[in-house]
Number of protein chains: 2
Amino acid sequence: MQEHEKIFENFLKIKDLKLTKPRKIILNTVFATHEHFSVDELYDQIRKKHKDVSRATIYRTIPLLVESDLIKQSLRCLAKDHYEHTYGHDRHFHLICEKCGKIIEVESKKAENILNKLAKIHNFDIKEYNVGAKGICKNCRKKI
Amino acid sequence: MQEHEKIFENFLKIKDLKLTKPRKIILNTVFATHEHFSVDELYDQIRKKHKDVSRATIYRTIPLLVESDLIKQSLRCLAKDHYEHTYGHDRHFHLICEKCGKIIEVESKKAENILNKLAKIHNFDIKEYNVGAKGICKNCRKKI
DNA sequence: AACTAATTGCAAATAATTCTCAATCGCATT
DNA sequence: AATGCGATTGAGAATTATTTGCAATTAGTT
């Protein structure tokens with residue numbers, strides 16, 4: 001069993017919830033790639049292999065994955081909610097191109113440290129960052 | 001006429017659009033306070049004084065205000081879209097309390113500089129930032 | 001005042017998400 | 001392996017936020 005499955009199972013057990021087949025499928029699909037995904041994209045991805053997982057179950061499972069710290073909401077600049085699995089990955093920021101939709105991920109301990117300091121000044125306990133920027137990427141700027 | 005009205009009128013003229021009564025009411029309500037607002041909140045606020053502005057018109061006017069750089073979308077951590085007027089205000093980040101909903105605004109040239117540098121490395125041209133964090137504020141942490 | 005294109009409010013349409021509920025499943029205990 | 005019971009599921013209805021089509025109205029120009 002993979003690490004993320006163990007973590008999820010454990011999380012569920014503590015809450016007296018069960019690691020069911022649909023939940024397993026959803027979890028493993030999420031961890032099969034490192035793409036960001038909307039609920040619809042995840043649904044389509046799952047449906048390729050499994051005809052028996054409903055949208056409702058995906059909507060019900062995502063909050064559990066978020067609560068267990070396996071995934072986080074991200075790309076909040078976009079219209080629909082998007083998520084990504086974050087377990088095992090460093091915190092990163094997103095640069096989202098308005099023209100082509102490309103997403104550039106950048107890491108920065110420095111930026112993170114500053115944000116943490118700002119929070120500390122206000123005595124604020126940060127649970128989740130939400131950092132992103134919309135703009136135009138290198139390639140698309142060339143085309144103008 | 002106030003500065004923001006002039007800017008908006010000018011913006012509209014260039015696009016061959018008209019500064020109508022409903023648009024004026026929406027603009028001035030937005031600039032009457034420095035609160036963040038959802039469409040619904042704005043609608044309620046407007047309705048207190050003007051019974052003749054519809055939701056549809058608000059939905060149609062907001063993109064114009066965004067395009068003319070008078071307001072920006074903000075607080076993307078929340079379920080509904082929120083906006084704030086930004087004309088005449090420095091860029092700032094938000095700390096949003098998950099318990100009580102309180103919003104703390106913090107400014108930081110330092111954080112801004114770092115994000116700009118990161119963008120530069122990737123040759124990315126940032127149009128709009130979207131920086132914030134969810135967590136627990138000072139008061140709510142006391143209560144636990 | 002007349003003209004013309006932009007704008008409006010309304011109500012219907014769409015889109016995303018949540019809810020309801022009867023049928024089923026997972027797991028602990030026989 | 002059968003039983004019992006609460007958790008879970010899928011399907012579709014319901015809800016919420018937003019967008020759209022359209023006939024009537026309005027702003028700004030001639």
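Note that these values count all heavy atoms, side chains included, but never hydrogens, waters or copies made by symmetry. The sequence lines fix the lettering, A, B, ..., with proteins before strands; numbering per chain opens at 1.
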Original post:
For DNA chain C, which nucleotides open and close the run of contacts to chain B, 5' to 3', at under 4.0 angstrom from a non-hydrogen atom?
Top reply: dA5(C) to dC10(C)
Original post:
Given V53(B), which of L42(B), T29(B), I46(B), T61(B) fulfils the side-chain contact (heavy atoms from CB on, under 4.5 Å) condition?
Top reply: I46(B)
**OP:** Might you confirm whether atom NZ of K51(A) has over 12 heavy atoms from other residues, nucleotides or ligands at distances under 6.0 Å?
**Re:** yes
Subject >> Connected via hydrophobic side-chain network under 4.5 Å: I62(A) and I7(A) >> reply: yes
**OP:** Using salt bridge (Lys or Arg N to Asp or Glu O under 4.0 Å) as the criterion, list what pairs up with E128(B), not counting sequence neighbours.
**Re:** R76(B)
Original post:
In whole Å, what is the span from the CG atom of L12(B) to the C1' atom of dT26(D)?
Top reply: 15 Å
Subject >> Ion pair R91(B)/E112(B), N-O distance below 4.0 Å >> reply: yes
Subject >> Minimum heavy-atom distance F8(B)-S68(B), with the two atoms named >> reply: CD1-OG, 3.8 Å
**OP:** In whole angstrom, give the distance that lies between atom CG of L27(A) and atom P of dT8(D).
**Re:** 15 Å
Original post:
On DNA chain D, nearest-nucleotide positions of V39(B) versus T20(B): which is more 5'?
Top reply: V39(B)
**OP:** Dump the intermediate steps for salt bridge (Lys or Arg N to Asp or Glu O under 4.0 Å) on D40(A) and R55(A), then the final yes or no.
**Re:** CA-CA 8 Å; D40(A) 247 40; R55(A) 268 202 179 70; 3.3 Å; yes
Original post:
Between D52(B) and K21(B), is there a side-chain N and carboxylate O pair less than 4.0 Å apart?
Top reply: no
Original post:
Shortest non-hydrogen contact from D69(A) to Y87(A)?
Top reply: O-CB, 4.2 Å
Original post:
Of all of residues 29-38 of chain B, which get a heavy atom below 4.0 angstrom from DNA chain D, listed by number?
Top reply: none
**OP:** Hey, could you give me each pair passing ring-ring contact (aromatic ring centres under 6.0 Å, His included) that has a residue in residues 10-41 of chain B? Not counting sequence neighbours.
**Re:** H4(B)-F31(B), F31(B)-H85(B), H34(B)-H85(B), H34(B)-H89(B), H36(B)-H94(B)
**OP:** Send over the distance from K15(B) NZ to dA27(D) C1', rounded to a whole Å.
**Re:** 18 Å
Subject >> Closest heavy-atom pair and its distance - K99(A), C140(A) >> reply: CB-SG, 3.5 Å
Subject >> Pairwise 5' ranking along DNA chain D for L19(A) and D40(B), keeping only the more 5' one >> reply: L19(A)
**OP:** Name every residue in residues 44-65 of chain B that has at least one heavy atom under 4.0 Å from any atom of DNA chain D, in order of residue number, or write none if there are no such residues.
**Re:** A56(B), Y59(B), R60(B)
Subject >> Non-hydrogen atoms of F93(B) and S108(B) that approach each other most closely >> reply: CE1-CB, 3.9 Å
**OP:** List the atom of A119(B), the atom of L95(A), and the distance in Å for their closest heavy-atom pair.
**Re:** CA-CD1, 4.1 Å
Subject >> Bend angle of the helix from dA1(C)-dT30(D) to dT30(C)-dA1(D), from helix axes over five pairs at each end, nearest 10° >> reply: 30°
